[in-house]
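A short write-up of the structure that comes next.
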Amino acid sequence: MSWVVVGVTVATAAVGAYQQHQQGKYAAEQANADAEAEAARSRLEAQRIREEGRKARSAAAAQAADNGLNLGVGSPVVIDQEIAYESEQDAWMTRLTGQSNAARISSLRRAEQKIANAQATGTLLQAAASSYSGYNGAQAAKKKG
């Protein structure tokens, strides 16, 4: 095996390793974008839930006032507090779920990047071992012949 063949083998492996590294980098960037989008989506959904809660509280107060109830005491206060509590709880659960999903996506990103880097390293090591083996075989053939 000549040095030219060894060089071509190593260069080919280097290109393959670089491509694997780039694929891992792209997957990481995409996962980051997906995680950010998930977090933003959950923030917007929580904001929508809070707004719906405000509307429900307003509608309940208007209904109570139309029925002649005092809004500062009794059932109207309890109803208002319950609506506020439930909507805020729903909003926070939405946010927490979104953050959890974003963290899961980020974790997968790190794993994909590590796998791509390991594959790139393996490609280089395999090419180096193959080149070394071929070179040693060629040297042994020269000694015999």
Side-chain angles (χ1 to χ4, degrees), residues 1-140:
M1 177 178 253
S2 73
W3 284 108
V4 172
V5 174
V6 170
V8 169
T9 301
V10 171
T12 302
V15 169
Y18 177 76
Q19 288 173 337
Q20 288 170 330
H21 173 74
Q22 288 300 101
Q23 287 173 347
K25 187 177 172 182
Y26 170 76
E29 290 170 357
Q30 183 61 49
N32 278 337
D34 292 347
E36 289 174 13
E38 179 62 25
R41 187 206 58 78
S42 69
R43 283 191 302 271
L44 288 174
E45 181 63 14
Q47 184 179 1
R48 186 197 63 77
I49 290 169
R50 286 184 179 106
E51 182 59 32
E52 290 297 319
R54 282 190 286 278
K55 288 178 183 177
R57 290 174 68 193
S58 179
Q63 184 66 37
D66 285 347
N67 290 329
L69 298 174
N70 182 349
L71 298 179
V73 295
S75 296
V77 172
V78 172
I79 291 169
D80 182 65
Q81 289 173 345
E82 186 66 24
I83 293 170
Y85 174 79
E86 292 293 329
S87 64
E88 190 59 29
Q89 186 177 23
D90 288 349
W92 273 106
M93 288 305 297
T94 299
R95 286 291 306 272
L96 290 175
T97 300
Q99 289 173 350
S100 175
N101 289 341
R104 180 183 50 79
I105 291 168
S106 292
S107 176
L108 291 174
R109 169 198 56 86
R110 287 189 298 275
E112 287 175 355
Q113 194 168 23
K114 286 179 183 179
I115 290 168
N117 289 339
Q119 289 173 336
T121 301
T123 298
L124 289 174
L125 291 174
Q126 184 178 12
S130 176
S131 297
Y132 181 75
S133 175
Y135 177 77
N136 281 342
Q139 292 300 327

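The figures here come from the full heavy-atom set of this structure, side chains too, leaving out hydrogens, waters and symmetry mates.
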Exercise. Which residues satisfy the salt bridge (Lys or Arg N to Asp or Glu O under 4.0 Å) test with E51, sequence neighbours excluded?
Worked result: R54
Problem set entry | Listed partners of E88 passing salt bridge (Lys or Arg N to Asp or Glu O under 4.0 Å), at least two apart | R50
N/O donor to acceptor pairs below 3.5 angstrom from side-chain atoms of residues 62-71, sequence neighbours left out:
{"residue": "N67", "atom": "ND2", "partner": "Q63", "partner atom": "O", "Å": "3.2"}
{"residue": "N70", "atom": "OD1", "partner": "G72", "partner atom": "N", "Å": "3.0"}

For this session: Only pairs at least two apart or in different chains count here, so list each side chain to side chain donor-acceptor pair (under 3.5 Å) that has a residue in residues 71-81.
Result: R57-D80
Exercise. Can you list every side chain to side chain donor-acceptor pair (under 3.5 Å) pair that touches residues 96-106, not counting sequence neighbours?
Worked result: E38-N101
My understanding is that only residues two or more places apart in sequence, or in another chain, count here; which of them pass side-chain hydrogen bond (donor to acceptor under 3.5 Å, both in side chains) with [X]?
X: E29; answer: none
X: D34; answer: Q30
X: E82; answer: none

For this session: Could you pull out all residues at least two apart from E52 that satisfy side chain to side chain contact (heavy atoms under 4.5 Å, CB included)?
Result: R48, K55
Seminar exercise, completed: For I83 and A60, the nearest pair of non-hydrogen atoms, with its separation, is CD1-CB, 3.9 Å
Problem set entry | Euclidean distance, W92 CH2 relative to S42 OG, rounded to 0.5 Å |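 Spacing of OG (S42) from CH2 (W92) equals 10.5 Å.
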Exercise. So with a 6.0 Å cut-off around CD of Q47, is the heavy-atom count from everything else above 12?
Worked result: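 No, CD of Q47 has 12 or fewer neighbouring heavy atoms, counting only those of other groups under 6.0 Å.
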